[in-house]
S.K.: 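So that we are looking at the same thing, I have put the structure below in structure tokens.
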Amino acid sequence: MHITFSLKVQAKEGTLMFTDRAGKTVPFSKEQTVQQKVSMITLGELCGLPKRQLAACFGFKTRKSSYDIRHTVLNGSPADLLPKRPGPHTPSKRTKEVEALIIRTRFETDLNRDEIAEALTQRGFKVSARLVGQVRADYGLSKKTDDPHATPGAAPRQRRD
């Protein structure tokens, strides 16, 4: 069976529009990324548009992204087409427990930030000296104050001469 079709592909204000000869239009919003990817590869396989132009029509920035998407559509699973979650993929090392240990170690010893990080690492908490410094700075414990009874986070008292 031989099928012939003619489509006009447009992108208007972030919405992908397919229009046939009869004027029937099917819109796909930016949120429908799976449909956009499948449609881009389908059109790319059926017509001879340059990959860069095809990728630009569908809102993708480079030709490489169209090749990556093509590989995923033709060889991958449907789950691979779903958008990936942005941001960190591992839980934060800065927990309330780690913060409490850093603060307690700071008050109980005279260790500097590198030594505190090393001591906590030996106790099984993988923290960096930078993290220790950030916690100390956030709680106002970076520099020792003249008053040992000053509340954490309070500015050091001014000396009057």
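Owing to the predicted nature of the structure, the values given are computational and were not obtained by experimental measurement.
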S.K.: Under the side chain to side chain contact (heavy atoms under 4.5 Å, CB included) rule, collect the residues that match up with R94, sequence neighbours excluded.
M.R.: S92, E99, L131, Q134, V135, D138, Y139

S.K.: Applying side chain to side chain contact (heavy atoms under 4.5 Å, CB included), can you list everything that pairs with E118, at least two apart in sequence or on another chain?
M.R.: Q122

S.K.: Between T121 and V127, what is the shortest heavy-atom contact and its length?
M.R.: OG1-O, 3.5 Å

S.K.: Would a 4.5 Å heavy-atom cut-off, applied to side chains only, mark E97 and F125 as touching?
M.R.: yes

S.K.: For the OG1 atom of T109 and the CZ atom of R104, what is their distance to the nearest 0.5 Å?
M.R.: 11.5 Å

S.K.: Can you list the steps and then say if L101 with R123 is a side chain to side chain contact (heavy atoms under 4.5 Å, CB included)?
M.R.: CA-CA 10 Å; L101 282 170; R123 291 174 60 183; 3.4 Å; yes

S.K.: How many angstroms lie between atom CG of L120 and atom CD of E115, to the nearest 0.5 angstrom?
M.R.: 12.0 Å

S.K.: To the nearest 0.5 Å, how far apart are NZ in K37 and CG in D68?
M.R.: 10.0 Å

S.K.: Atom CG in L74, atom CD1 in I69: separation rounded to 0.5 Å?
M.R.: 11.5 Å

S.K.: Name all residues meeting the side chain to side chain contact (heavy atoms under 4.5 Å, CB included) criterion together with A129; count only those two or more places apart in sequence or in a different chain, and write none if there are none.
M.R.: R113, D114, A117

S.K.: Rounded to the nearest 0.5 Å, how far apart are CZ of R136 and CD1 of I116?
M.R.: 5.0 Å

S.K.: Treating Ile, Leu, Val, Met, Phe, Trp and Tyr as nodes and any side-chain heavy-atom pair under 4.5 angstrom as an edge, say whether L111 and V132 lie in one connected cluster.
M.R.: yes

